[in-house]
Every structure is written in C-alpha cells, then in structure tokens.
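Convention: sequence-line order gives letters A, B, ...; per-chain numbering from 1.
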Amino acid sequence: GENVEQHPSTLSVQEGDSAVIKCTYSDSASNYFPWYKQELGKRPQLIIDIRSNVGEKKDQRIAVTLNKTAKHFSLHITETQPEDSAVYFCAANAGRGAQKLVFGQGTRLTINP
Amino acid sequence: EAGVVQSPRYKIIEKKQPVAFWCNPISGHNTLYWYLQNLGQGPELLIRYENEEAVDDSQLPKDRFSAERLKGVDSTLKIQPAELGDSAVYLCASSLAGSEKTQYFGPGTRLLVL
C-alpha cells in the first residue's frame with residue numbers, strides 16, 4: 001500500500017525567511033496530494049493541494065511542487081509569519097482516484113520573531 | 001456553513017470500560033471518515049463510509065472497535081473494552097462523494113485511558 005515519508009520532523013526559521021517541507025510517496029498511481037496545517041489542539045485544515053496533472057501550484061505565500069518521476073512533493077512557504085507556526089502534514093491518496101489518504105508524520109514549524 | 005461537529009471533545013475512562021464518540025458531518029457530505037491520531041503522528045484512517053455503507057474498514061480493529069452510520073448522516077465510533085494504548089485523538093472528517101475531494105476535519109475527541 002501507499003507509504004508517505006515527510007521531512008524534516010521539526011523546522012525552525014526566522015520570521016520573513018522561507019520554509020520548505022518535503023514528502024515522498026511510494027505508489028506511482030497516487031494522483032492527489034493535499035497539505036494540512038494543524039495548530040495546537042485544533043483540527044487539521046487544508047491549506048493547498050495538487051493533482052498529478054500539474055507540477056506546481058501557488059496560493060499567495062504558499063506553493064506546492066510535484067515531481068511524479070521522483071515521487072516527491074514539497075511545500076514552500078515564503079515570507080514566513082508567526083501565525084505560520086503549526087504542524088504541517090502532507091498526504092497522498094492511496095492509488096489513482098482513491099479517496100483514502102495516507103498522511104506523513106508531520107513537520108512542526110516554528111517561526112522565530 | 002457549520003463544520004464537522006464531534007462530541008465529546010475530551011473523555012477520560014478507565015481501561016476495560018466502553019466509550020463512544022459521535023460525529024455530525026457537513027450537510028450534504030456523503031463520505032465520512034474516522035481517523036486515529038496518535039501524539040506526534042499523522043492521522044490514520046480507521047473506516048470510511050459512503051452514505052450508510054462502510055466501504056473501507058480494513059484498518060479498524062474489529063475485535064474491540066465498531067462504527068455505524070445510521071441513515072447516512074451522523075456516525076458513532078465505539079470502543080469496547082478500551083485499552084491503555086487506545087489513548088489518542090479520534091478525528092472525524094467528511095467530504096463530497098468522489099475522488100480528490102477535500103476532506104474537512106472535525107475538532108476531534110481526545111481520549112485518555114487510565
């Protein structure tokens with residue numbers, strides 16, 4: 001079945017700098033890759049997603065890139081702000097068209113003022 | 001629009017006791033998911049419903065866990081008897097039917113088994 005690996009597990013950056021979180025997946029048939037943000041004690045919330053028919057997607061300060069050949073995708077946050085501090089999870093669907101999501105282990109991002 | 005609602009938010013029980021969690025999905029969402037989230041880990045799918053039918057329960061420990069979604073709306077997840085290792089956050093999510101649909105999560109129920 002699908003396996004998703006996420007790195008790093010913790011990331012600390014200065015406010016205003018960029019942050020990058022990377023994930024790899026194992027099932028080449030996966031075609032949907034969402035990213036969720038979870039603040040302490042809160043529910044996971046979708047921040048951006050990408051489908052396998054595109055290589056990059058951007059929404060203001062957040063962008064996601066996908067390399068299908070290498071089976072990895074990354075989250076990029078530019079001009080980081082204190083409110084970006086949270087745990088970020090990547091996920092991949094378990095095969096083409098599958099609704100089941102397999103999540104990575106999470107990255108705790110801390111923005112230092 | 002109201003989001004996914006879960007109750008209770010917190011539950012503390014002694015081992016071997018039963019416990020139940022309730023979830024009300026977003027109106028119109030046919031698909032409902034129950035996830036387990038251990039501390040410091042990503043959510044892991046326990047069961048997925050399409051309307052009232054459980055279509056993926058391969059990761060549900062059926063010896064002690066059960067779930068139902070009567071009438072295809074609200075759902076309950078039950079553990080009987082609870083074990084110490086069941087301490088975790090139980091998340092409910094819902095989505096529209098079909099692939100690549102956004103899953104919206106509830107706030108979760110934090111369970112502590114003593």
Just wondering, more than 12 heavy atoms not from [X] lying within 6.0 Å of its [atom1]?
| X | atom1 | answer |
| --- | --- | --- |
| B:Leu84 | CG | yes |
| B:Glu52 | CD | yes |
| B:Lys71 | NZ | no |
| B:Leu39 | CG | no |
| B:Phe21 | CZ | yes |
| B:Lys11 | NZ | no |
| A:Glu83 | CD | yes |

Kindly give the heavy-atom pair with the smallest separation between [X] and [Y], and that separation in Å.
| X | Y | value |
| --- | --- | --- |
| A:Arg43 | B:Pro107 | NH2-CD, 3.6 Å |
| A:Gln99 | B:Gln103 | O-NE2, 3.0 Å |
| A:Pro44 | B:Gly106 | CD-O, 4.5 Å |

In [range], which residues are in contact with chain B at a heavy-atom separation under 4.5 Å?
| range | result |
| --- | --- |
| residues 46-76 of chain A | A:Leu46, A:Asp49, A:Arg51 |
| residues 13-34 of chain A | A:Asn31, A:Tyr32 |
| residues 101-113 of chain A | A:Leu101, A:Phe103, A:Gly104, A:Gln105 |

Single-linkage hydrophobic cluster, 4.5 Å side-chain cutoff, [X] and [Y] together:
| X | Y | answer |
| --- | --- | --- |
| B:Leu91 | B:Trp34 | no |
| B:Leu36 | B:Leu60 | yes |
| B:Leu111 | B:Leu46 | yes |
| B:Tyr90 | B:Tyr33 | no |
| B:Val89 | B:Tyr35 | yes |

Sorted by first residue and then second, give each ring pair (Phe, Tyr, Trp, His ring centres under 6.0 Å) pair with at least one member in residues 43-63 of chain A; sequence neighbours left out.
none

Partner chain A: residue of B:Gly40, B:Ser95, B:Gly98, B:Gly108 with the largest heavy-atom pair count (under 4.5 Å)
B:Gly98

So which of B:Pro43, B:Ala93, B:Ala97 has the biggest tally of heavy-atom pairs under 4.5 Å with chain A?
B:Pro43

Leading residue by heavy atom contact count with chain B [cutoff under 4.5 Å; candidates A:Lys100, A:Gln6, A:Gln45]:
A:Lys100

